[in-house]
Each structure stands twice: as C-alpha cells, then as structure tokens.
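Report on the structure given below.
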2 protein chains.
Amino acid sequence: MFSKACEYGIKASIYIATNSYDGHRVSLKEIAQKIDSPEAFTAKILQDLVRHKIIRSAKGAYGGFEIPKNEISEVKLSQIVNAIDGDSIYRGCGLGLHVCDENHPCPVHDQFKDIRTQLKDMLQNTNLEQLALDIKSGVSFLKL
Amino acid sequence: MFSKACEYGIKASIYIATNSYDGHRVSLKEIAQKIDSPEAFTAKILQDLVRHKIIRSAKGAYGGFEIPKNEISEVKLSQIVNAIDGDSIYRGCGLGLHVCDENHPCPVHDQFKDIRTQLKDMLQNTNLEQLALDIKSGVSFLKL
DNA sequence: CTTAATTCGGATAAATTTATCCTATTTGTA
DNA sequence: TACAAATAGGATAAATTTATCCGAATTAAG
Ligand code: FES
Ligand code: FES
C-alpha cells in the first residue's frame, strides 16, 4: 500500500509526537530503535519531513526531532503520506492509466474511486494526536 | 497500490476476456499493444497467470491466450491480484508490522482494517465478465 | 576552546521490481 | 517434411527503492 519509506515516516512521526507531548526531543538513534527501522534510511526520511515542515529538527548536542505541542493535533496522516509517496494513491488510476478521469475511466474506476476516497478521508481525518495517545497508553504498538 | 506487474495482469486478463467471449484467442503481441504494456514483461506475467490456471495458453501457430467462456464470470479480481502480488494487501499491516493482529495493533490498525476489508470485498466481488462487458461496449478503456 | 553528540548531505551499495533478449519448444498449414 | 507463428523459459540489463557509509556543519556542556 505505502512504500517502506512512508511506513517508517508515519511511525517515526508518531513516536516523535508521543515524546513532544512531554517536551522531549528524540534522537534519530532512539527513533530508529523504537520503530525498528534502519537508522541511516530513517535519517533521510526525517530530513524530508523536516523540509516539508511536518517535524522540526535541532542540530548539535542535545538535538533531535520534535513537533511543537500545539501542532501535534494539526498534523494529518495525509500530509506525511503526501510528502513521502506523493498523491498518486489519491489521484492516480488503480490500473495505472495516465489519468483517472470520469470521461475516460478504466474498467475498475467506479469501484476504485470509492475505496480511494475512503482512504483519502481516513488519512485526512486522522491526526498524530489520536495515534500518539494510543501509543502512550499502550493500546497500540510501533513494532513487532 | 498494486505493482506494475499486477496492473498489467489485470488489464491483460480483461482484454483476453473480451475476446474469449467471441471465441477469439489473442496473442501476446496483440495484448501488449492493446493494454499498452511492454511485451516481454507481459509475457512473464501471463505465464504466471497460466500457471495459476486463471487463463489458458495455446502454443504454436494460431496459438495465444484465452479464458474458457464459462469461466469468465468466475474469475475474480482477487485471484489475479493474489497470484501476482500475494495477499499482503489483504492481510498485511498498513505500517509494515510483521503481523496484523487485534492483540497487537499498530496505531492505524482500526482505521486501516475497514479500508482493507472494503478493498478485499471489492476485489472478491468483481469478476472479469462485468469488466469485459464495459470494455466491449466502450464504457471503459484499457489504455491512455 | 575543546569535545562529544547530533543532524545534514553527498556518494555509494544492495535489493527488488521492471524490462529486454535470445533460444527452445510446440503446433498448424502448405 | 519444412516453415512460420506462437508460447515457455533462462539469462541479463535497466530502473527504482531501500539501505549504508562517511565527512561536514552545528550546538550544548565542561
Ligand atoms: S481511471 Fe482507473 S481508477 Fe479512475
Ligand atoms: S496491525 Fe497495522 S493494520 Fe493491523
């Protein structure tokens, strides 16, 4: 469904959010360990999210990644997916036609449209706060 | 969403179905041209579908691919997807956890489950006959 | 000022997916 | 039987995604 990069990006963002709640920055090393992802690859993805202003980074000793407390509930999953995988999952044709268009639909267009819309709505309506709270309370997990 | 191979596989199957209705076998060359796919790569995918007994092939002059008329309405999209991409899209965790499990859910498990189920139902309830008829009547398209 | 802990960024490597090429085999027709 | 039209299948190449490595820049603390 999503690329590995996107999966890591989502999990990392959630982990950062759980810590930003308590005012803690977290390092790349810690993130990678907690979400069970390759460190250097995760670094690239985090850089990308920083460039997209979805998370913040601080260089140097005691540096790390964070999300301003008041922004946690504003970050939607859709922003993360969009930053990393682009919008093809929302807008692209399920069978790879160059455009997805009512006037030139592929054979599965009607069926697909609904699912894509559902997925889009879900990603747009899910924010990091909800997800982070479940992690904090032990209801959900980021690895294994 | 799906791999390129899977997209080609679905489109090829639909094209074969439209012709099998009229009792026409179609050659690899014709298929690739009609669905706008690389010929040799498409050959591999068709071989795979033949091995999975989703389509049939006939070697030699006047050979090609076909689907027995009475089976067209029995072939579900889910079979094709499953043969080519496997079942991870149904069963795998959206965030890549090793198992998707109610007792050890990832942060998006609940939201994802519904969409995955919808996708699964859609693929299981859509058969080649429906799709092929729309192509024949010019309602939907396999390329551009 | 020095040091250690960090992110940043470029280069490169490994793995996977996508795509091509070539030969063997099969089969209908002349 | 000879030939031409196909699929089958192995080997290889190209492209993309995933992953690693290393040096540069930044920053807090001692
Ligand atoms: S044209 Fe294929 S999903 Fe819309
Ligand atoms: S555990 Fe992630 S989708 Fe079920």
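Below, chains carry the letters A, B, ... as their sequence lines are ordered, and counting in each starts from 1. The shown structure was predicted, so the numbers you read here are calculated from the model rather than taken from an experiment.
- Contact annotation for A:Leu28: backbone-only contact, meaning every heavy-atom pair under 4.0 Å involves sugar-phosphate atoms and none involves a base.
- Taking the side chain of B:Lys44 as heavy atoms from C-beta on, and the options C:dT18, D:dT20, D:dG9, the nearest nucleotide is D:dG9.
- Of the listed nucleotides (C:dC21, D:dT7, D:dA19), D:dT7 has the atom at the smallest distance from the side chain of B:Phe65.
- If you check every strand for non-hydrogen atoms under 4.0 Å, B:Ala58 touches sugar and phosphate atoms only.
- Residues A:Glu66 and A:His24 have side chains that never bring a donor and an acceptor to within less than 3.5 angstrom of each other.
- Distance CZ (B:Phe2) to C1' (C:dT18): 18 Å, rounded to an integer number of Å.
- Residue B:Lys29 is out of contact with every strand shown, counting any heavy-atom pair closer than 4.0 Å.
- B:Arg51 comes within 4.0 angstrom of the backbone, heavy atoms only, and of no base.
- The number of heavy atoms from other shown groups lying within 6.0 Å of NZ (A:Lys53) does not exceed 12.
- At distances below 3.5 Å, not a single donor-acceptor pair connects side-chain atoms of A:Ser20 with backbone N or O atoms of A:Gly23.
- Taking atom CD of B:Glu7 as the reference point, atom P of C:dT17 lies 14 Å away to the nearest angstrom.
- Of the side-chain N and O atoms in A:Ser57, one or more sit less than 4.0 angstrom from OP1 or OP2 of C:dC8.
- No donor-acceptor pair under 3.5 Å is formed between the side chain of A:His109 and the backbone N or O of A:Cys100.
- As rounded to whole Å, 12 Å separates atom C1' of C:dA14 from atom CZ of A:Phe41.
- Of the candidate nucleotides C:dT18, D:dC21, D:dA19, D:dA19 has the atom nearest to the side chain of A:Tyr8.
- Of the N and O atoms on the side chains of A:Asn127 and A:Ser73, not one donor lies less than 3.5 Å from an acceptor on the other residue.
- Rounded to whole Å, atom C1' of C:dT18 lies 14 Å from atom CG of B:Asp48.
- When distances are taken from the side chain of B:Gln47 to each of C:dT27, D:dA8, D:dC21, the shortest belongs to D:dA8.
- Remark: C1' of C:dG9 and CG of A:Leu49 are 16 Å apart, rounded to the nearest angstrom.
- Checking D:dA4, D:dT26, C:dA5 against every side-chain atom of A:Lys59, the shortest atom distance belongs to D:dT26.
- One can place CD of A:Glu39 at 14 Å from P of D:dC22, the figure rounded to the nearest angstrom.
- Spacing between atom CG of A:Asp85 and atom C1' of D:dT16 amounts to 13 Å, rounded to whole angstrom units.
- Distances shown here put every side-chain N or O of A:Tyr62 at or beyond 4.0 Å from the OP1 or OP2 atom of C:dA4.
- Taking the nucleotide of DNA chain D with the nearest heavy atom to each of A:Arg25 and A:Ala5, the more 5' of the two is matched to A:Ala5.
- Rounded to an integer number of Å, the gap from B:Ile45 CD1 to C:dA19 C1' is 10 Å.
- Here D:dA28 is the nucleotide among D:dA8, D:dA5, D:dA28 with the atom lying nearest to any side-chain atom of A:Ala61.
- Look at A:Asp36 and A:Lys11 and you find no salt bridge, because none of the NZ, NE, NH1 or NH2 atoms lies under 4.0 Å from a carboxylate O.
- If you check D:dA19, C:dT18, C:dC8 against the side chain of A:Val50, the one that comes closest is C:dC8.
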